[in-house]
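Worksheet: one structure, shown below.
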There are 2 protein chains.
Amino acid sequence: MAEKKIPYKIYLNESEIPTAWYNMRADMKNKPAPLLHPGTHQPMTAEELGGVFCEELVRQELNDTDPYIAIPQEIQDFYKMYRPSPLVRAYCLEEKLGTPAKIYYKFEGNNTSGSHKLNSAIAQAYYAKQQGLKGVTTETGAGQWGTALSMACSYFDLDCKVFMVKVSYEQKPFRREVMRTYGASVTPSPSTTTQVGQKILAEHPGTTGSLGCAISEAVEVAVSNPGYRYVLGSVLNQVVLHQSIIGLETKAALDKYNIKPDMIIGCAGGGSNLGGLIAPFMGQKLRGEADYRIIAVEPASCPSFTRGVYAYDFADTGMVCPLAKMYTLGSDFIPAPNHAGGLRYHGMSPVLSQLYADGFMEAVAVPQTSVFEAAEQFARVEGILPAPESSHAIRVAIDEALKCKETGEEKTIVFGLTGTGYFDMVAYEKFHEGQMDDYVPTDEELAVFAAKLPKMEG
Amino acid sequence: MAEKKIPYKIYLNESEIPTAWYNMRADMKNKPAPLLHPGTHQPMTAEELGGVFCEELVRQELNDTDPYIAIPQEIQDFYKMYRPSPLVRAYCLEEKLGTPAKIYYKFEGNNTSGSHKLNSAIAQAYYAKQQGLKGVTTETGAGQWGTALSMACSYFDLDCKVFMVKVSYEQKPFRREVMRTYGASVTPSPSTTTQVGQKILAEHPGTTGSLGCAISEAVEVAVSNPGYRYVLGSVLNQVVLHQSIIGLETKAALDKYNIKPDMIIGCAGGGSNLGGLIAPFMGQKLRGEADYRIIAVEPASCPSFTRGVYAYDFADTGMVCPLAKMYTLGSDFIPAPNHAGGLRYHGMSPVLSQLYADGFMEAVAVPQTSVFEAAEQFARVEGILPAPESSHAIRVAIDEALKCKETGEEKTIVFGLTGTGYFDMVAYEKFHEGQMDDYVPTDEELAVFAAKLPKMEG
């Protein structure tokens with residue numbers, strides 16, 4: 001290859017790491033709908049939310065007016081241990097595809113949590129510490145969030161209680177062990193240690209658990225133990241806020257080389273990574289300063305954007321959490337057992353849901369074998385072994401680059417590579433052994449769950 | 001923390017990545033002893049070596065005169081996908097230890113192979129491709145080298161046959177799966193697919209394998225298949241040469257901020273990482289331009305430097321490889337089954353062996369539970385989950401920093417953090433469960449193996 005004008009990896013200097021998060025809601029004309037009390041269906045007050053969440057995080061959750069929120073120095077210091085993350089020019093992938101498109105990816109996997117989750121974990125742990133709490137509780141599915149939170153809590157010397165979806169707990173003993181290395185306690189969910197866990201076990205004996213169920217357990221432990229609060233790794237407004245560091249760095253790196261993307265692609269489960277990646281670009285779009293195609297990619301087996309309902313729903317199976325208005329498949333929805341690719345939450349960030357409803361972004365659902373094909377192709381040329389979640393974005397980035405090959409257009413594609421797949425080799429093995437299928441829920445199946453959405457007044 | 005003059009992570013620009021490897025042998029007065037033919041005990045000729053190794057790699061193996069060897073552009077391009085690696089200032093560890101010492105580590109784990117091994121793998125794959133070969137064979141123990149080589153071969157579209165020590169093959173199915181993702185074939189060793197494997201199985205039924213045995217198998221397959229050569233991830237002069245990229249980057253980063261280290265610490269198994277890390281510093285020392293303490297850290301359960309013999313020995317169990325003069329425990333030596341910390345090769349790089357014999361470096365052996373204690377302490381404050389191998393260097397870096405705390409000296413410590421521990425969670429679990437012991441071989445045990453060293457004339 002000849003000398004490149006754009007480096008393989010664009011790194012910002014430490015002094016260029018953003019010192020404030022960007023809050024998309026400030027620039028949204030249609031604000032995301034408020035969280036509602038699960039009993040009264042009235043908007044949750046800061047006081048009510050404060051029983052579950054840390055005070056400062058409640059303020060961030062409810063703040064839809066301030067565009068920028070300063071990042072405390074302690075969090076900035078922690079960010080410097082693993083940030084800035086590189087914006088990588090995928091020269092090798094471009095060459096392999098023979099595409100005139102220019103492909104960039106923001107790689108968030110270069111930290112021990114293996115994903116972008118650490119960006120919000122450290123913020124949430126910091127505010128918990130500031131408030132003088134003893135510890136926090138949370139849920140984890142694949143384990144990225146639990147790992148990130150245990151790292152953050154270890155740094156601030158906070159207790160960390162993780163409820164891990166039972167099937168992951170059993171299939172991913174190494175994830176569990178990483179969390180233990182960072183001093184967290186990890187309980188398989190549903191467990192007999194909570195009332196909601198006992199109830200779910202009685203109703204569904206032998207269940208392998210779900211995120212919605214683990215959330216219910218973690219919330220119960222938080223509200224019934226003094227000095228504890230609950231923290232969540234996705235969906236919430238505050239999480240999307242913290243994750244804006246991804247997009248802000250991406251934009252700063254692109255601006256450094258006068259690169260204007262045509263499209264920005266991210267995988268979407270609860271929406272934390274996508275919301276963070278697109279934040280400043282969406283801000284420009286909302287303010288009418290620039291236009292970009294923004295594409296959410298979700299698994300065809302858990303298609304909340306593309307086949308869900310935009311409605312108020314419970315965030316958890318146990319129905320102890322506030323109601324959120326979001327694209328949802330119903331809080332009882334669990335992807336088919338063969339689903340290996342992560343992104344298994346039934347709902348979607350209320351911020352992203354509103355933006356999608358208002359036409360500011362697109363969504364596409366992709367079948368899982370095509371996701372693993374993209375993952376392997378990417379790994380072989382770009383070196384990095386991607387997480388199944390991230391590989392959803394790779395799939396669509398490759399598809400768009402191949403369209404450019406047909407049309408000859410030199411489009412600039414940016415996608416989020418949220419993490420690494422080191423703890424997902426069971427899924428890769430399934431793929432190599434041809435044991436993976438592309439099961440997609442039928443309309444009838446989805447209708448069953450949709451019918452159980454909570455009835456709202458008016 | 002206050003504003004730091006030295007950033008948390010010193011990154012070179014891509015244009016500052018070294019374009020030539022540094023060959024310590026050129027500056028050594030006492031050159032490392034030549035490889036000898038296992039039958040005749042005469043120095044191996046380039047022609048003889050060419051039957052096993054790629055031509056250009058043989059030239060590098062035998063070259064003890066040229067101080068710099070240019071890195072081909074294709075390898076430079078690949079390096080840019082994951083290099084430069086960061087030189088990290090361990091501010092958080094320093095604070096936790098309360099030491100006046102300044103601690104830096106060169107982190108080589110930010111690539112999918114999870115270690116520094118990729119630096120030599122890509123070079124060896126490149127030269128194999130240049131020679132028009134179909135593929136290469138190799139052995140792997142813990143799996144870092146096999147993973148790195150499979151990535152490199154995938155990049156250059158070469159076939160890659162890996163013999164993996166049977167106990168690792170069974171205990172690390174995920175490592176195996178990563179190699180398969182990159183298209184390599186992985187065979188547990190000893191296997192029935194080679195003559196030497198059959199012989200070893202007949203003599204030691206039920207053996208769980210060793211590196212020395214896997215090497216013999218890989219060499220046999222290379223020499224008996226046209227278009228194949230054997231490649232090795234450590235010990236050889238060429239590997240130490242390629243790994244000098246680590247030290248050259250480290251030195252360039254330190255020079256950028258006018259930092260002069262007092263000591264440089266690296267873990268030592270076969271010596272590839274340590275040899276690479278220290279290369280330019282050792283060069284200064286050999287030329288009398290500067291002085292540094294250089295410390296090799298090895299496991300107490302496999303103590304080739306500190307308790308081995310400096311003598312000609314076989315590189316492999318099957319005795320098909322050339323003889324190398326090195327610190328060795330004997331080619332039949334296998335660490336006790338409880339040994340979890342990597343670095344299990346019986347011998348040591350001939351270059352490092354000569355330097356150690358000549359008093360240019362120190363060596364220390366550390367027990368494994370203390371290594372895992374250091375690993376966990378490091379993980380909790382610096383975030384990165386270290387490989388057990390790398391944690392040997394962490395142990396001694398912490399020990400040296402604590403000595404500074406006692407004396408009040410503000411020494412500058414640089415150590416090599418060679419890789420991540422994501423695939424070593426079984427070892428971490430043993431540690432957490434208190435199932436790890438510190439077995440160290442007795443003098444009598446070592447004497448048995450030493451007695452079997454090959455008898456040399458004169």
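The structure presented is a predicted model; accordingly, all values stated were derived computationally and were not measured. Lettering of chains follows the sequences in order, A, B, ..., and the numbering in each one begins at 1.
- The environment of Asp255(A) atom CG is dense: over 12 non-hydrogen atoms of other residues, nucleotides or ligands sit within 6.0 angstrom.
- Between chain B and the options Tyr11(A), Tyr82(A), Phe372(A), heavy-atom pairs under 4.5 Å are most frequent for Tyr11(A).
- Enclosure of atom CG in Asp157(B) is not indicated, since only 12 or fewer non-hydrogen atoms of other residues, nucleotides or ligands lie within 6.0 angstrom.
- Inspection of non-hydrogen atoms places Tyr422(B), Phe423(B), Met425(B), Val426(B) of residues 417-426 of chain B under 4.5 Å from chain A.
- A pairwise comparison of heavy atoms in Gly383(B) and Met151(A) identifies O-CE, 3.3 Å as the closest pair.
- Atom NZ of Lys96(B) has 12 or fewer neighbouring heavy atoms from other residues, nucleotides or ligands inside a 6.0 Å radius.
- Glu14(A) touches chain B through its side chain: at least one heavy atom from C-beta onward sits under 4.5 Å away, while N, CA, C and O do not.
- Going from atom OH of Tyr8(B) over to atom CZ of Phe78(A) covers 10.5 Å, rounded to the nearest 0.5 Å.
- In terms of modelled atom types and a separation under 3.5 Å, the side chain of Lys9(B) and the main chain of Lys80(A) share a donor-acceptor contact.
- Among pairs with a residue in residues 380-389 of chain A, those fulfilling salt bridge (charged side-chain N to carboxylate O under 4.0 Å, His left out) read Glu376(A)-Arg380(A), at least two apart in sequence or across chains.
- Proximity to chain B among residues 167-188 of chain A is limited to Phe174(A), Arg176(A), Glu177(A), Val178(A), Arg180(A), Thr181(A), Tyr182(A), Gly183(A), judged by heavy-atom separations below 4.5 angstrom.
- Listed by sequence position, Asn110(B), Asn111(B), Thr112(B) are the residues of residues 110-117 of chain B in contact with chain A, using a 4.5 angstrom heavy-atom cutoff.
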